[in-house]
Every structure is written in structure tokens, then in C-alpha cells.
Amino acid sequence: MGLADLHMHTIYSYDGTASVSAVLTRAKQVGLDVIAITDHDEIKGALKALELAPSYGIEVIPGIEITTAEGDLLALNITEAVEPNLSLKKQY
């Protein structure tokens with residue numbers, strides 16, 4: 001059974017302090033098989049991680065922690081930016 005962390009931030013997030021390569025290095029060191037990069041309202045870190053992941057032997061799930069009108073939402077397995085501050089409620 002593999003180990004995963006599905007909510008990680010990089011320097012592309014306002015509260016992230018680690019570069020993408022540092023996150024991948026540390027994930028490998030602690031034995032993670034899968035990680036999801038979910039920076040706040042930003043996809044660049046996740047896309048960079050996807051590009052670098054094969055050389056680290058780690059699977060990367062690209063994502064974003066999206067700011068919505070109702071709070072934060074983790075979106076996984078996406079490769080395009082999502083506009084922040086939208087509502088989760090259906091508009092009629």
C-alpha cells in the first residue's frame with residue numbers, strides 16, 4: 001500500500017515556504033508515493049511538480065486550493081487555473 005499526502009503547498013502559495021523541488025525531495029525522503037500540490041488559487045506549482053516528478057519517482061496529482069465565496073475548496077486532478085471567489089451555489 002502506498003502513502004499519499006493530498007494537500008501540499010509550495011512557494012506559489014502565499015503560505016508556502018518550500019520550492020517545488022524541495023517538496024518533491026522531502027516527499028521522497030519520508031516515503032510518500034503520491035502527493036497533490038494544492039497551492040492557494042494557483043496551478044503553476046502543481047504543473048511544475050508534474051514536470052519534475054518522474055525524476056523523483058513520485059506520482060503528482062495536480063490541484064488547487066480554490067478560494068470560493070463559501071470557503072476553501074480542494075480541487076484535484078486539474079491542470080487549468082480556476083477563477084477564485086466564485087460561489088459553490090447553483091445560479092438560476
Side-chain angles (χ1 to χ4, degrees):
M1 178 182 283
L3 295 174
D5 186 332
L6 300 179
H7 186 176
M8 301 181 87
H9 293 175
T10 71
I11 57 173
Y12 290 94
S13 241
Y14 65 81
D15 60 349
T17 59
S19 67
V20 173
S21 59
V23 168
L24 291 167
T25 297
R26 185 65 179 149
K28 184 72 171 176
Q29 288 172 343
V30 300
L32 293 173
D33 301 298
V34 179
I35 64 170
I37 302 293
T38 55
D39 289 317
H40 289 276
D41 301 316
E42 182 58 68
I43 193 72
K44 292 176 188 170
L47 297 179
K48 183 148 182 90
L50 271 177
E51 179 185 318
L52 298 175
S55 64
Y56 290 85
I58 294 173
E59 181 180 346
V60 170
I61 299 169
I64 303 175
E65 185 170 356
I66 304 166
T67 303
T68 74
E70 291 77 31
D72 290 344
L73 171 73
L74 283 182
L76 299 176
N77 209 25
I78 61 172
T79 56
E80 294 182 17
V82 176
E83 183 180 342
N85 301 312
L86 297 174
S87 177
L88 295 172
K89 297 176 184 174
K90 185 174 181 177
Q91 303 296 316
Y92 294 95

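All residue numbers refer to positions in the sequence shown, counting from 1. For clarity, every value in this text was computed on a predicted model and none was experimentally measured.
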Q. With side chains defined as the heavy atoms from C-beta onward, is the minimum distance between Leu88 and Leu73 less than 4.5 Å?
A. yes
Q. Would you say the side chain of Leu52 lies within less than 4.5 Å of the side chain of Val60, judging by non-hydrogen atoms?
A. no
Q: With Pro62 as reference, evaluate Ile78, Asn77, Thr38, Leu76 under the side-chain contact (heavy atoms from CB on, under 4.5 Å) test and give the passing residue.
A: Asn77
Q. Are the side chains of Val20 and Tyr12 in touch, meaning some heavy atoms are under 4.5 Å apart?
A. yes
Q.
If I compare all heavy atoms of His9 with all of Val23, which pair ends up nearest, and what's the gap?
A. O-CG2, 3.8 Å
(Q) Within the supplied structure, the quantity of interest is the number of heavy atoms (other residues, nucleotides, ligands) at a distance under 6.0 Å from Gln29 CD; does it exceed 12? (A) yes
Q | Sequence neighbours excluded, every pair satisfying side chain to side chain donor-acceptor pair (under 3.5 Å) that has a member inside residues 43-57 | A | none
Q | Note, Leu47 side chain near Ile37 side chain (heavy atom, < 4.5 Å) | A | no
Q. If you take all heavy atoms of Asp39 and Ile64, which pair is closest and at what distance?
A. O-CG2, 3.4 Å
(Q) If you apply the rule side-chain contact (heavy atoms from CB on, under 4.5 Å), what do you find for Ile66 with Asp41, and how did you get there? (A) CA-CA 5 Å; Ile66 304 166; Asp41 301 316; 4.2 Å; yes
Q. Does the side chain of Asp33 come within less than 4.5 Å of Ile58's, by heavy atoms?
A. no
**Q.** Contacts of Thr79 that satisfy side chain to side chain donor-acceptor pair (under 3.5 Å) - sequence neighbours left out
**A.** none
Q: Working to the nearest 0.5 Å, report the span between CD1 of Ile35 and NZ of Lys28.
A: 11.5 Å
Q: Give the cluster check for Leu50 versus Val34: same hydrophobic cluster or not, with ILVMFWY residues linked at side-chain heavy-atom distances below 4.5 Å.
A: no
Q.
So which atom in Glu70 and which in Ser87 form the shortest heavy-atom distance, rounded to 0.1 Å?
A. OE2-OG, 3.0 Å
